[in-house]
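This report concerns only the one structure given below.
Keep in mind that what you see is a predicted model, and the values were worked out from it rather than measured. Atom set for the values below is all heavy atoms of this structure, side chains included, hydrogens, waters and symmetry mates excluded. Numbers here are sequence positions counted from 1.
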Amino acid sequence: MIVFDHVSVEAEGKRIIDDLSCQLDLGLAGGSGPRRIAVIGVNGSGKSTFLRLIDGLAKPTSGTIRVMGFDPTRQAKQLHRKVGFVFTDPDTQIIMPTPAEDVAFSLRGMGLSKSESSALVDRQLQSFGLTPHAGTPAHSLSGGQKQMLALAAVLVRNPGLVLADEPTTMLDLPNATRIENLLIHDIACPLIVSTHNLRLAARCDMAVRFADGHIIETGEPRHVIARYLADCGVADNEEAEASL
């Protein structure tokens, strides 16, 4: 479970998250399988801050948070062993010169031998279609390849939860589709994804809609998305269907 209890976040005199209380079931108990949860809403509604609070990257001004039993504010180190975060711009999290080195860097501190780490890196690069680029300068990769590398580096640690903040925003349609398919089908743990990509949101198990720092609706994605489109002035027509 993820539990927010009267959580607020203020910055520069503005309340970004406003007295938020909620519970999110990650679907790990009872054999239901890991859940995919989409977080949608207009820019500035609180989506990204919500994800950053879950990971401990942002601190609440008031209230408490529990993520899989951890307090992200006081137990960030322990939580980061369990949670992987994928940023909108992969350049912000690719820190090593080559894909092979970047994935290997994620394995530091896990107690693996050099041969074990090397074998795991090779398998991960193969799984993400990056083997031909293992020694290529990371900065020269395409946008889609960089996002695949960012995901590979996060997932190689076998996290218990993945948070993805608008992971397809900077990608063209083919690469966005590749990332969508990977997030929905290939991750073995729960996923919470903040996104403007309503096609991706519609493929999730649940949608959470933010507005003005509040969660104003949760439920089956297509129903939540349909009301979101209507409130944004998008009629129930071909344009709306194309969004899904």
Working to the nearest 0.5 Å, report the span between [atom1] of [X] and [atom2] of [Y].
X    : Y    : atom1 : atom2 : value
L141 : L149 : CG    : CG    : 6.5 Å
F4   : L24  : CZ    : CG    : 8.0 Å
N197 : T168 : CG    : OG1   : 4.0 Å
I192 : L163 : CD1   : CG    : 5.5 Å
T177 : L182 : OG1   : CG    : 12.5 Å
L155 : I187 : CG    : CD1   : 5.0 Å

> How would you list, by chain and number, every residue that makes a side-chain hydrogen bond (donor to acceptor under 3.5 Å, both in side chains) with R36, sequence neighbours excluded?
Replying inline: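 R36: no side-chain hydrogen bond (donor to acceptor under 3.5 Å, both in side chains) contacts found.
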>> Test of understanding: with side-chain hydrogen bond (donor to acceptor under 3.5 Å, both in side chains), list the residues that count as partners of D172, not counting sequence neighbours.
In response: N175
Can you give me the closest heavy-atom contact between [X] and [Y], atom names plus distance?
X    : Y    : answer
R108 : R157 : O-NH1, 3.6 Å
T195 : A201 : CG2-CB, 4.1 Å
D19  : S8   : N-OG, 2.8 Å
C204 : I184 : SG-CD1, 4.1 Å
S117 : L107 : OG-CD1, 3.5 Å
P221 : A207 : CA-CB, 3.7 Å

> Pairs in or reaching into residues 178-194: which pass salt bridge (Lys or Arg N to Asp or Glu O under 4.0 Å), with residues at least two apart or in two chains?
Replying inline: E180-R199, E180-R203
Set of side chain to side chain contact (heavy atoms under 4.5 Å, CB included) partners for [X], sequence neighbours left out:
X    : result
S142 : Q145
E220 : R222, H223
E12  : none
P90  : I94, K146, Q147, A150

Exam field: side chain [X] to backbone [Y], donor-acceptor pair closer than 3.5 Å:
X    : Y    : answer
S194 : E166 : no
K47  : V42  : yes
T92  : D89  : yes
T218 : V208 : no

Do you reckon [X] sits in the same ILVMFWY cluster as [Y], going by side-chain contacts under 4.5 Å, direct or chained?
X    : Y    : result
L57  : I17  : yes
I225 : I216 : no
M170 : V193 : no
V156 : M110 : yes
V3   : M206 : no

> Can you check whether D231 reaches R209 side chain to side chain, under 4.5 Å on heavy atoms?
Replying inline: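 A side-chain contact under 4.5 Å exists here.
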>> Taking the side chain as everything from C-beta on, heavy atoms only, tell me whether C189 gets closer than 4.5 Å to V162.
In response: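 Yes. Closest side-chain heavy atoms under 4.5 Å.
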Identify each donor-acceptor pair in which a side-chain atom of residues 122-130 lies under 3.5 Å from a protein atom, sequence neighbours left out, and give them as a table.
| residue | atom | partner | partner atom | Å |
| --- | --- | --- | --- | --- |
| Q124 | NE2 | A152 | O | 2.9 |
| Q126 | OE1 | T131 | OG1 | 3.1 |
| S127 | OG | R123 | O | 3.0 |

>> The criterion is ring-ring contact (aromatic ring centres under 6.0 Å, His included); which residues satisfy it with F85, sequence neighbours excluded?
In response: F87
Pair up each side-chain donor or acceptor in residues 59-68 with any protein partner under 3.5 Å, not counting sequence neighbours, and list the distances.
| residue | atom | partner | partner atom | Å |
| --- | --- | --- | --- | --- |
| K59 | NZ | G56 | O | 3.1 |
| T61 | OG1 | E10 | N | 2.9 |
| R66 | NH2 | G69 | O | 2.4 |

Output side-chain donor-acceptor pairs under 3.5 Å for residues 74-84, partner residues at least two apart or in another chain, one line each.
| residue | atom | partner | partner atom | Å |
| --- | --- | --- | --- | --- |
| Q75 | OE1 | D71 | N | 2.8 |
| H80 | ND1 | A76 | O | 3.3 |
| H80 | NE2 | D55 | O | 2.7 |

> After noting the C-alpha distance and the side-chain angles of I215 and L20, does the key distance pass the side-chain contact (heavy atoms from CB on, under 4.5 Å) rule?
Replying inline: CA-CA 7 Å; I215 292 177; L20 176 63; 3.8 Å; yes
> Tell me, which pairs form a ring-ring contact (aromatic ring centres under 6.0 Å, His included) where one or both residues lie in residues 162-220, sequence neighbours left out?
Replying inline: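 Matches after skipping sequence neighbours: F50-F210.
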>> Among I37, D25, L53, L161, exactly one meets side chain to side chain contact (heavy atoms under 4.5 Å, CB included) together with I2. Which residue is that?
In response: L161
